[in-house]
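Start at 1 and go down the list; that is how both ligands and their atoms are numbered.
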Amino acid sequence: MRMYDIIKKKRDDGVLEYQEIKYFIDGYVEGNIPDYQAAAFLMAVFIRGMSPRETVMLTQCIRESGEQISLSAIPGIKVDKHSTGGVGDKTSIVLAPLVAAAGIPVAKMSGRGLGHTGGTIDKLESIPGFKAELTSEKFISSIRTIGVAITGQTGNIAPGDKKLYALRDVTATIDNISLIASSIMSKKLAGGADRILLDVKVGSGAFMKEFKDAIHLARTMVHIGNSSGKRTIAVISDMSQPLGYAVGNALEVREAIDTVKGEGPEDFYELCRELGAVMLMLGEKAKDLVQGRQMIDEIIYSGRAAEKIKEFIGNQGGDPDVLEYPDSILPKAKEQVVVKADKGGYILSLDAEKIGIGAMLLGAGRSKKEDVIDPAVGIMMNKKAGMPVKNGEAVATLHINNKENLEQAVELVRSAVTVAEGPVQKPVLIKEIVE
Ligand code: URA
């Protein structure tokens, strides 16, 4: 087999066989296929596309390029959850203990933030003492004893994806549904869960800006999961404005804790409830979504979710008193700067991407992998789309520790806010469920 022939076949709109895709992935990971041939192949895929069958095979080959985690030592149906990323998305911090409290073992591998989107690991590390990089032994034993653990990626999962993603990033081949879906699903499938919930975000702060692309990605990933023997459901949810009010690590942990206690923002609770209900269905604890939602409400309002998150935080070295005393335990920024509305009316939109970049500029996120984040800083929104606003009223409060990029961040947040004269419908949060 020659890489030249595989590139030519795809260039001419041919359909690849498993052995050809395997030859490419293995050869590229081992260093036998050079970047220039891999780049040509990616561009051929980008232009010609891949069939659903080719996409499933590509995912399988990337998944097989590295270690595959076995969770078989943990009894029960393991359900994993993945978000395609957004602004103010602290859902995993609520869902992991919530679903664990219902008796579903949660073995969650999460990432760090990059660009305008945050990462669960950074958020959790803003809790003093919390350790998010667990050994495989500690990861498995935590799930066996308390039913939940969240760790940064362990082991050598899908090295083929790491290498391919870096090449896609510099060859303008990121935005292809088959390549995105295989990249995400290869890592999820290697993570060892039995069932998968995907939260596919759509809107200004999401990877997918348009609904038609989000649904295409959701259907492709659901097909890959189901074809690989792991029942998969995707929820398409709104990311046209930040989720909840908090954007920034400690600020988001505070909002997640409030939500676990039943005191969180309405939109964020609605999303946690819907995603939690789907996870209970996937884990065979609820017979349908209606029962799943009722169970989520019961777990939150009985205090069981709060007990579980306390146990989870303590088990990973964090200070469990953060539940009772978040204000004194979580890091706080030195100063607050208020951004005010420059006219009255109704909030038409709050551009999530601009707000995410604003928070990143304050130090809450990274513009490149090596950047060090400040857990205390970020942005608290004072408004949500659809709410009335008066001229001069606060729309956002920036929590800052220095003034380095302050002007730029203020300008971004200001430009993210659009005010309409008349009443505005708030965006629909749950747009579609794809099975
Ligand atoms: N996230 C991933 O993990 N891979 C992609 O290709 C895009 C987003």
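- A distance limit of 4.0 angstrom between heavy atoms and ligand 1 selects the residues Y165, R168, I180, S183, I184, K187, F207.
- By the 4.5 Å heavy-atom criterion applied to side chains, V106 and I150 are not counted as neighbours.
- Contact annotation: the side chain of E17 approaches that of R53 to within less than 4.5 Å [non-hydrogen atoms, C-beta and beyond].
- For K230, the salt bridge (charged side-chain N to carboxylate O under 4.0 Å, His left out) test picks out no residue, with sequence neighbours left out.
- Screening V260, T91, L280, I296 against L98 for a side-chain contact (heavy atoms from CB on, under 4.5 Å) leaves a single residue, I296.
- Between L16 and M57 the shortest side-chain heavy-atom distance does not fall below 4.5 Å.
- Using modelled atom types, one side-chain atom of K10 and one backbone atom of G49 make a donor-acceptor pair closer than 3.5 Å.
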